[in-house]
Number of protein chains: 2
Amino acid sequence: MPPVPAKSSPRSASTAVEDYLERILGLINTKGYARVVDIAGSLRISQASVTNMIQRLDAEGLLKYEKYRGLVLTTAGETLAKNITRRHELLTDFLKLLGLDAEVIYHDVEGMEHHISPSTLRAIESLTAQLQRQPALLARVREQVT
Amino acid sequence: MPPVPAKSSPRSASTAVEDYLERILGLINTKGYARVVDIAGSLRISQASVTNMIQRLDAEGLLKYEKYRGLVLTTAGETLAKNITRRHELLTDFLKLLGLDAEVIYHDVEGMEHHISPSTLRAIESLTAQLQRQPALLARVREQVT
DNA sequence: CAACACACTTAGCCCAGGCTAATATTGCCT
DNA sequence: AGGCAATATTAGCCTGGGCTAAGTGTGTTG
Ligand SMILES: [Mn+2]
Ligand SMILES: [Mn+2]
Ligand SMILES: [Mn+2]
Ligand SMILES: [Mn+2]
């Protein structure tokens, strides 16, 4: 058991930031916009906290915000948002294949998605594709799970 | 995209608590004991922070601590420690199968391990066993990854 | 048995990311 | 236009989990 590696550069975005961006993009894609009240309701966080975070994301250049008016993602913000969304979707597809319960999948994915490196993502992506051709193998897995 | 589910009961242990317990058990298993200075060095955290956390874990009944003397895990603490260790090992085995780099595996596992429900654990366990019988499939996955 | 190094604890601080209560702005409806 | 409900912001607070600096124990060794 080697020691934890020295922590490198502060890593891209915190899990909170990723969760906000993911929600904001989701809201924009389904309603056309993302207001403070929508984000708060959707994330089950107080409006005050959302306002706070939005101002931070604006300061960090991930979105453009005009007080009382609304927000749009910047290119940087949209890139991050699409990125976390991909991780979420891919993990969900993978766990669905294993026959897990939807609530369990959601819970686990919402946590795991923040810790998947690009190469791990590619590996699971590839594995998912391969597994789709293996119904017998999947059946055996699902049997164990239930 | 449904809203985040209402947060249920505060869930067992925080990721920090799990990481401490995992390390403590690891140290006990390899050196026979876990002192503040060992935990701090191994986790790359200051001794002061370790003392602090250890006192919390004592208060929560996860270990018994005597100031300046040492600590032992309680049954509850040992159970949690073995549990997180199992998740760590299983995830590591799984990702190894996919041909990922050891550092990447360590990094990702260290984060993901805190977000794996029991049923997801069983599913990945079963999948890992099945995949071991599928060298051709694994070869195709590894090809994509590298 | 004294002194010193090392281990440990305490005190006081910081930041992320939540919260509530109070206040401000908007926009719609009469 | 004026008023009201909904929305948003600000102020002030809290907890978890880090940190450093300063002080306290302990055990080895001359
Ligand atoms: Mn998430
Ligand atoms: Mn997600
Ligand atoms: Mn961990
Ligand atoms: Mn671990």
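All chains are named by letter (A, B, ...) in the order of the sequence lines, taking the proteins before the strands, and each is independently numbered beginning at 1.
Both A/Q47 and A/R69 sit near DNA chain C, but only A/Q47 has its closest nucleotide nearer the 5' end. Taking for each of B/A48 and B/R56 the nucleotide of DNA chain D with the nearest heavy atom, the 5'-most of the two is the partner of B/R56.
Side-chain nitrogen and oxygen atoms of B/S46 include at least one within less than 4.0 Å of the OP1 or OP2 phosphate oxygen of D/dC19. The phosphate of C/dG18 (OP1 or OP2) has a side-chain N or O of A/Y20 nearer than 4.0 angstrom. A sub-4.0 Å separation between OP1 or OP2 of C/dC19 and a side-chain N or O of A/S49 is present. Contact check, A/K67 against D/dT10: a side-chain N or O comes under 4.0 Å of OP1 or OP2.
The nearest whole Å value for the distance from the CG atom in A/N52 to the C1' atom in C/dC19 is 11 Å. In this structure, A/Y65 atom OH and D/dT7 atom P are separated by 13 Å, rounded to whole Å. Put simply, CD1 on B/I54 is 8 Å from P on C/dC8, counting in whole angstrom units. Atom CD1 of A/I39 is separated from atom P of D/dT7 by 13 Å (rounded to the nearest Å). Whole-Å rounding puts the A/Q55 CD to D/dT9 P distance at 6 Å. Between the CZ atom of B/R35 and the P atom of C/dC6 there is a distance of 12 Å, rounded to whole Å. To the nearest angstrom, P of C/dA5 lies 19 Å from OH of B/Y68. D/dA6 atom P lies 15 Å from atom CG of A/D38, rounded to whole Å.
Among D/dG27, D/dA8, D/dG18, the nucleotide with an atom closest to any side-chain atom of B/A16 is D/dG18. The nucleotide whose nearest atom lies closest to any side-chain atom of A/T51 is, among C/dT10, D/dT9, C/dT26, D/dT9. Closest contact between the side chain of B/V36 and the listed nucleotides D/dG18, C/dC8, D/dT9 involves C/dC8.
With respect to B/D58 and B/K64, no salt bridge is recorded, no charged nitrogen being found less than 4.0 Å from a carboxylate O.
Distance check, rounded to the nearest 0.5 Å: OH of B/Y20 to CD1 of B/I84 gives 15.0 Å.
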Q: Any chance you could lay out the salt bridge (charged side-chain N to carboxylate O under 4.0 Å, His left out) test for B/R86 and B/E125, step after step, and finish with the verdict?
A: CA-CA 10 Å; B/R86 260 208 91 249; B/E125 187 175 24; 2.7 Å; yes
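Side-chain contact, B/S117 with A/D108: a donor N or O sits under 3.5 Å from an acceptor N or O.
Aromatic pair A/H114/B/H115: centroids not less than 6.0 angstrom apart.
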